[in-house]
Amino acid sequence: MSTTEEVTAEADAFDEAPVSTPDTPSYAVFIPNTDEGAQLLKPRSQTTARELMREVGSVLRMSEAEAAQLGELPEDPEEDQTMIINMGPQHPSTHGVLRLMLEMRGEEVLRCKPIIGYLHTGMEKTAESLTFMQGGTNVTRMDYLSPFNNELVFSMATETLLGVTDEIPERAVWIRMLMSELNRMSSHLLFMATNGMDLGAVSMMIYGWREREEVLRFFQEVTGLRMNHNYIRPGGVAADLPVGWRDGVLRLLDLIPPRLDEYDILMTGQPIWRERLQGVGVITPNEALALGATGPIVRSTGVPWDLRRDMPYLKYDEMEFDVIVGSYGDAFDRYAIRLAEIRESMKIVRQILEAMPEGNYRIQDKKVTPPPRARIDESMEALIHHFKIFTEGFKVPEGEVYVGIESPRGEVGCYIASDGSPNPYRMHMRDASFTNIQCLPHMMRGGLVADAVAVISSVDPVLGGVDR
Amino acid sequence: MDGAAEGTPKMHGCPVTQSHGQEVIHPTREQYLDVAKSLADEGYTMALDLCGVDYLQHMSRPLPYGIVPERFEVVVQLLDIGNRRRTRLRVQVPESDPVVASLFDLHPGIEAPERETYDMFGIEFDDHPDLTRILMPEDWDGHPLRKDFGLGSIPVQFKEVHA
């Protein structure tokens, strides 16, 4: 039985869903599950002029001549000649659950809007109910391909609030640097794999994962886990490097360079590879800076900005390494930069091997550091101390601080406001991917849909970090 | 930090404080856009991040003389690539009228962080081109990072099994 009233109500609820009869089931009922309402890319007739101009990129800081030229592009056709399609969230090239809505004219992408939030789990809210001590387990899961960098920036922010930055033992600082450089390598190796897979070089996918696995194996020796380590903690690191760590690192340093040379043969010099990437997804330095892009994206446009060199943290000011920049701002530059950065990271790791000092791996401030395991068996005070620090955590003085470091994807920053309790009052992570995916519409405009895949891949977003 | 009016250093007419060696500027809502513009002219051409803070349970936080604490704060991280320096803006936003000017025309890259702040705190940004939710579903009620947003919990299954 279907009355007029019911039909009206249904149409209201499901936004013009076709009326279903019991005999012919309609799949329209599933539409509300994927509808994001106002967040979606809308047809031109439903988009305000200002929003439309933004989507085609005219708001970027360009000269008047450039803006005028953009307005004259013959790429703003009538609505009936274009089509809005979904790409993702389950598309394999979207690196997780990124959903792009593309306005297409034939094969050509005119507008693009990333729709995110499918992986949002409220980690910033969770951080407010975890102590500073437990916070590392939370942040390490955000950008899950660079866990050490997340832990590092969180720990550095906490240490700044505690005022113990200068008391961190030398060895802890060097261990942190070793791990974050190896992390840069593992992250970029995974980029090599996914970038290859997205462009059809499937063997590259296997090679990239294979080499990354070697690095993760070393992480497992040191931290016990392949990912989500919670190894770098406020006050130092969780444990000293294991016996034989030097051999593990040396093995990596022997193993990876010849493999990178193979990548060069397989991809860098290869005509098909270059055809697919060169001139695709071009972004200018002005656009990149205006959009807040960091990391390999801004460096691909020729801006030599690397926090490791320009605002050194840890001991990066004592390291010899080059900041790799591109010149065209295209997908090929971003690929080449990452490949070269693996080599630069190995250069840094070699210097760390020589310079690694002996000493404590965590601060000996009893307020922050739990007592060593052996002491708990023999001392009542140590047991109480251990209990207190793990149940209550340590209090962090009132204040607020922002720390930014260079993660493989760009600047990852941590803003913490503390009210003097053992939990952060507010913790916000500035994730590089979150800002970087704003570049997608500008990189894709006017390109082909096949290039869209190359563009997403070259931005290398990690949706765990985007959605947090 | 609670020094007399003359004691607080000023920049573009706003009190400036130091937080752990980091420069913090406290503009009012009216000054906010102008200050951001002047800073952009001085070289702070990159807005790296914008986030909100809900100080509902911590209204007694230290603020420079002359700044009235409000429930919300909008915090902007600015970066000057040429001179390699950072600064931070902290804008007080009252609960009764949670509206701030949007930095979008000045820094297009602030679009997504402003949407996130709107989504999480319900702070509206005047003149933002597309102020919709970004992380939460469109039909979500409330703004989850507000301190008075009810926290839910799910029963853990193994407790049920062994009960």
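The structure presented is a predicted model; accordingly, all values stated were derived computationally and were not measured.
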Enter the distance from [X]:[atom1] to [Y]:[atom2] here, rounded to the nearest 0.5 Å.
X: Gln22(B); Y: Tyr402(A); atom1: CD; atom2: OH; value: 9.5 Å
X: His20(B); Y: Leu161(A); atom1: NE2; atom2: CG; value: 4.5 Å
X: Glu411(A); Y: Met46(B); atom1: CD; atom2: CE; value: 8.0 Å

- prompt: Under a 4.5 Å cut-off applied to non-hydrogen side-chain atoms, are Met136(B) and His120(A) in contact?
  reply: yes

task: Among the options Thr294(A), Leu307(A), Thr435(A), Thr160(A), pick out the one with the most heavy-atom pairs lying under 4.5 Å from chain B.
output: Thr160(A)

- prompt: Relative to chain B, which of Glu124(A), Glu398(A), Glu128(A) shows the most heavy atom pairs under 4.5 Å?
  reply: Glu398(A)

- request: Can you tell which part of Ser418(A) gets under 4.5 Å to a heavy atom of chain B, answering side chain, backbone, both or neither?
  value: backbone

query: Measuring heavy-atom distances to chain B, does Gln438(A) have an atom under 4.5 Å in its side chain, in its backbone, in both, or in neither?
result: side chain

Which atom of [X] lies closest to which atom of [Y], heavy atoms considered:
X: Leu79(B); Y: Met311(A); value: CD1-CE, 3.7 Å
X: Glu116(B); Y: His428(A); value: OE2-CE1, 3.9 Å
X: Val53(B); Y: Arg426(A); value: CG1-CB, 3.9 Å
X: Cys51(B); Y: Tyr415(A); value: SG-CD2, 3.8 Å

message: With side chain to side chain contact (heavy atoms under 4.5 Å, CB included) as the criterion, how do Thr45(B) and Leu289(A) come out once you've worked through the C-alpha distance, each side chain's angles and the decisive distance to 0.1 Å?
response: CA-CA 8 Å; Thr45(B) 48; Leu289(A) 291 176; 5.7 Å; no

- prompt: Is Asp317(A) atom CG crowded by more than 12 heavy atoms from other residues, nucleotides or ligands, each under 6.0 Å away?
  reply: yes

field: Proximity breakdown for Arg86(B) and chain A, heavy-atom pairs closer than 4.5 Å
entry: both

Of the listed residues ([options]), which shares the most heavy-atom pairs with chain A below a 4.5 Å separation?
options: Lys147(B), Gln57(B), Met120(B), Arg133(B); answer: Lys147(B)
options: Asp54(B), Val75(B), Asp139(B), Asp49(B); answer: Asp49(B)
options: Thr132(B), Leu48(B), Ile110(B); answer: Leu48(B)

- request: For the residue pair Tyr55(B) and Tyr425(A), categorise the inter-ring angle as parallel (less than 30°), tilted (30 to 60°) or perpendicular (more than 60°).
  value: parallel

message: Does this structure show an ion pair linking Glu400(A) with Arg61(B), if we count only N-O contacts that are shorter than 4.0 Å?
response: no

